[in-house]
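Worksheet: the structure to be examined is printed underneath.
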Amino acid sequence: MTDDKEMKDSTVQEKSETSATTAPPLPPLEAAARRLDRQLGGGAVDKHKVLHTYANPAKVVRRWLGTASGAAGSATVADIAEAAGVLFDPNGACSTGRALLLAPGGTTMELDTTPKESPQFLTSASSREVESWLLSLSIRILWKEKNFSEALDLAQKSISILLGHLEVASMNLTSLSGVSTSSLFPLLARLYRYRSLLAEELKDVGVTATIRRDMTIAHNMACLRRDVDCQATLLNLMLRDLLIHSQIEQAQKLLSNSTFPDSASNNQLCRYLYYSGRIQALRLEYTKAFSNLSQCLRKAPTNTGLGFRITAQRLAIVVQLLMGEIPERHVFFSKGMKTELSPYLAITQAVRRGDLAVFNKVVSEQASQLQQDETFTLISRLAHQVVKAGLRKLHVSYSRLSLQDVADRLGLPSATSAEFVVAKAVRDGVLDATIHHEEGYVQSHDLVDVYATKEPTEAFHRRIAYCLTTHNDAIRGMRYPPDAYKQQLEASRGNRRKRSEDKTDEEKAQELEDELDDEY
């Protein structure tokens, strides 16, 4: 019994000693930066040496940005300056970014000057990426504080720093410092987006023209170096800029002469589908617009981005009404959208009833909200759809009706206007009737079996096209095992390796990354 007590006392004493000697936890920003340094192959004694490299470092950085969002959301200017002073060598490649981070807005931050053992600066594997990340955090903080001019200036300098890193790396492809620069692409795309959004807030014509020219050049360079992140982001930013300035034809030319990368992120794809649908809706291509908007709503994330989904749903409802269809009722009562879609529910009910007076009343009452939603121009085109719906009801209810009664029931000014409206509806195929001008009435024909028309064929065509598109997307989304042909070639040559050597570099890197994720 005494031996057991002595053993317990010794274990308690050892635990207390180890807890006393453990180092305090790192700040969130520094911990996230150290984790990226290890994931990208850093951690060697020599800061210019890389222990291992990834076949796709951009994917590692994208995943790391998602895991570091918690630390980024609670960061302050002082935290960023402290992290920059600890992580970057004052005489290294990131000295310019370090100086900007230590002096945000032109005010130099005071660092803790207490002597430490030896500074553990980041290695060349991740120093540029962490520098870009901290600069983007500083820009976002200035943006939240509504210091738009300072944030735009910092964004311009940050982009220049990253482009300088890319240029230096392109000249040193064979050296150890010239590691793959694709890990910088997601961060460069983020800086481009911040700069464009800040230019929108400033509303300066000269700044907008300069940034538009720079975005065109940057998009061309991204296509040349196969930078998927910058390609997708810059294309969406250019489409957004043209839509804001109502240059619809220029946006259509850009849309038709450019190709969206297949391997872009899902968020950028959703933005591209929304902008495409908006451009096509303004150009009266309602079928293509509704197809793109429906695909955008299906691909949009359901747990975040409620504002984006509300904006896309509004436009989809208006486009569906312009196509002559009535949206399902459950669309207006989706979670979190009921209040925002209430004006569109009233407009849909007016269109369904075919009452032009009620429609004009609802639109006049909700005009300010519709202009704020940027759907007023499209909704003003719905008056003809309201008249069509009213004519369909009259066509079903009456076999013969005078033009004056049609004008009274639809709220038209005169029988002459009613005659023109009915003639256009007959020409468009909405009604199957004959207008007797001299007698002043409309004679409806007998209803024709719908299966004797082309409507079933068109409906089947739309369904088959959707199924084929889904099938093609699924085939395109398939990925095959990396370097499988190399293993087969080596096996055919008789080069049998040990089981530990059969793993590819990507598999080894993935295992190391999973171990690092488990530690943190």
Please list, chain by chain and in numerical order, all residues satisfying salt bridge (charged side-chain N to carboxylate O under 4.0 Å, His left out) with Arg225, sequence neighbours excluded. Asp227
Pairs flagged by salt bridge (charged side-chain N to carboxylate O under 4.0 Å, His left out) wherever residues 67-77 is involved - sequence neighbours left out: none
Checking Arg353 now: which residues fulfil side chain to side chain donor-acceptor pair (under 3.5 Å) with it, not counting sequence neighbours? none
With ring-ring contact (aromatic ring centres under 6.0 Å, His included) as the rule and sequence neighbours excluded, what pairs involving residues 195-234 come up? none
Residues in ring-ring contact (aromatic ring centres under 6.0 Å, His included) contact with Phe260, at least two apart in sequence or another chain: Tyr272
Which residue pairs pass the salt bridge (charged side-chain N to carboxylate O under 4.0 Å, His left out) test with at least one member in residues 285-298, sequence neighbours excluded? Arg283-Glu285
Do Thr375 and Tyr344 meet the criterion of a side-chain donor-acceptor pair at a distance under 3.5 Å? yes
Taking salt bridge (charged side-chain N to carboxylate O under 4.0 Å, His left out) as the definition, give me every residue that meets it alongside Arg352, ordered by chain and number, with sequence neighbours left out. none
Identify the two heavy atoms, one from Leu101 and one from Leu135, that lie closest to each other, and give their separation to 0.1 Å. CD2-CD2, 3.7 Å
I'd like to know whether CE of Met221 has more than 12 heavy-atom contacts from other residues, nucleotides or ligands below 6.0 angstrom. no
Pairs satisfying ring-ring contact (aromatic ring centres under 6.0 Å, His included), at least one member in residues 294-327, at least two apart: Tyr274-Phe308
Is a donor on one side and an acceptor on the other found under 3.5 Å between the side chain of Arg309 and the backbone of Thr302? yes
Please examine the side chains of Leu322 and Leu284, heavy atoms only from C-beta on, and report whether any two atoms are closer than 4.5 Å. no
Asn236 and Thr233: CA distance, side-chain angles, deciding distance, side chain to side chain donor-acceptor pair (under 3.5 Å) verdict: CA-CA 5 Å; Asn236 286 332; Thr233 303; over 6 Å; no
Output all residues satisfying salt bridge (charged side-chain N to carboxylate O under 4.0 Å, His left out) with Asp473, sequence neighbours left out; order by chain, then residue number. Arg476
Output yes when a side-chain donor or acceptor of Ser196 lies under 3.5 Å from a complementary backbone atom of Tyr192, and no otherwise. no
Across all chains, not counting sequence neighbours, the side chain to side chain donor-acceptor pair (under 3.5 Å) partners of Arg314 are Glu340, Asp373
Pairs flagged by salt bridge (charged side-chain N to carboxylate O under 4.0 Å, His left out) wherever residues 181-192 is involved - sequence neighbours left out: none
By salt bridge (charged side-chain N to carboxylate O under 4.0 Å, His left out), which residues pair with Glu374, not counting sequence neighbours? Arg278
Please check: side-chain N/O of Trp64 versus main-chain N/O of Ala32, any donor-acceptor pairing under 3.5 Å? yes
